[in-house]
Protein chains: 2
Amino acid sequence: MKRNTWQREAVRTALGSNEGFVSAQSLHSTLRDTGSPIGLATVYRALADLAVEGEADSLQSLEGESLYRACTPGQHHHHLICRNCGLTVEIEADAVELWAQSVASEHGFTQPNHVVDVFGLCAECTAQVRPGR
Amino acid sequence: MKRNTWQREAVRTALGSNEGFVSAQSLHSTLRDTGSPIGLATVYRALADLAVEGEADSLQSLEGESLYRACTPGQHHHHLICRNCGLTVEIEADAVELWAQSVASEHGFTQPNHVVDVFGLCAECTAQVRPGR
DNA sequence: ACAGTAATGAGATTCGTTATCAATAATACA
DNA sequence: TGTATTATTGATAACGAATCTCATTACTGT
């Protein structure tokens, strides 16, 4: 049976108080910095669990590490992510869902999944990068 | 200056004679199996180069490793990938391009990139998985 | 042919993640 | 409330993908 531990709750909270996607490693050091003696393996396990339960989204960063972010559970959505500061906006895209479905069945594919994420520079980071040039 | 070596050519050829996405590791062992004494590091370097030059597409597998595939250079496209056998179909999606653009600018994001891939079971694998059930 | 130097490759190294396993602590039940 | 059960934890080892090192090799222009 599943048990409630302060460790899981700590991970859930830390994840929730974050604007964008975070790696397990950085979440772990954040927790350690706030005095929590939580172990690294536990953070990995908690994040994997949250992702399975639908309380967190995960994606692969371009460097190959897994990033996590709290999300509103239950509803399918995609992300608009600032590649500079990590700020993330959840976006819905019914049109894209339908497109994925139809493209798959057009080619005889079944059980379609899809990975749809948009990366860019958020307004703030855009302003910082080119202040007056 | 850039030089032509049989190693680069071997990687290009091996990649081209493959239906779907392959990892650097498996491409390396394939080459080794055919008698080529090419080194692993070289395969990694050649694949990275091909990806930069636009002769290969790359994506992150769900397990976090980078997969590569030969592609028609120059044109932007996405992929429909069989998650069982790796068969890949290149798909164009102007509608999705435009959607990504507009969604980004709606939220003040600039320089939008996007990751759009559809995974599924190809017709053949669908038939194999559930033969008559 | 030859010099200059990009490319190679075996092995060491880095880094993210998972497995191990004894110790701990959350839950069910008497 | 006390106790037995067993899921969970965490320090560390192990693993695997990818990169780096650096001496050696071999393209290329002259």
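Computed from a predicted model, the values in this text were never measured in an experiment. Throughout, a chain's letter reflects where its sequence line sits, starting with A, and its residues are numbered from 1.
Taking the six-membered ring for Trp and the full ring otherwise, the centers of B/F21 and B/H79 sit less than 6.0 Å from each other. Aromatic rings of A/H114 and A/H76 (six-membered ring for Trp) have centroids within the 6.0 Å cut-off, being under it.
Residue B/E65 has its side chain nearest to D/dA18 when only D/dG10, D/dT5, D/dA18 are considered. The side chain of B/R32 lies closest to C/dA10 when the candidates are C/dA10, C/dT17, D/dA17.
Between A/V43 and A/Y68, the closest side-chain pair of non-hydrogen atoms is not below 4.5 Å.
Within the model, atoms SG of A/C122 and CD1 of A/I81 stand 12.0 Å from one another, a figure rounded to the nearest 0.5 Å.
Contact annotation: B/Q7 side-chain N/O to D/dA26 OP1/OP2 distance is not under 4.0 Å. For C/dA6, the OP1/OP2 oxygens have no side-chain nitrogen or oxygen of B/T5 closer than 4.0 Å. The shortest distance between the side-chain N/O atoms of A/Y44 and the OP1/OP2 oxygens of C/dT18 is not below 4.0 Å. An OP1 or OP2 oxygen of D/dA18 is reached within less than 4.0 angstrom by a side-chain nitrogen or oxygen of B/S66. Within the structure, a side-chain polar atom (N or O) of A/R8 is placed less than 4.0 Å from OP1 or OP2 of D/dT8.
Atom P of nucleotide C/dA7 and atom CZ of B/R12 are separated by 13 Å, given to the nearest angstrom. Distance, B/K2 NZ to C/dA7 C1': 12 Å, rounded to whole Å. Rounded to whole Å, atom C1' of C/dA7 lies 15 Å from atom CD of B/E9. To the nearest angstrom, C1' of C/dA28 lies 10 Å from CZ of A/R3. With rounding to whole Å, A/M1 atom CE is found 16 Å from D/dT5 atom P. The CG-P distance, from A/D49 to D/dA7, rounds to 14 Å in whole Å. In this structure, B/R45 atom CZ and C/dG9 atom C1' are separated by 7 Å, rounded to whole Å. For the pair A/Q60 CD and D/dA17 C1', the computed distance is 12 Å after rounding to whole Å.
No engagement by B/L40 is indicated, since no non-hydrogen atom pair under 4.0 Å with the nucleic acid exists. Looking at heavy-atom distances under 4.0 Å, A/E63 makes no contact with the nucleic acid at all.
Checking B/Q25 against B/W6, the closest nucleotide of DNA chain D that is more toward the 5' end is the one next to B/Q25. Each of B/N4 and B/L67 has a nearest nucleotide on DNA chain D; the 5'-most of these lies closest to B/L67.
Nearest heavy-atom pair across A/H28 and A/L40 is NE2-N, 3.3 Å.
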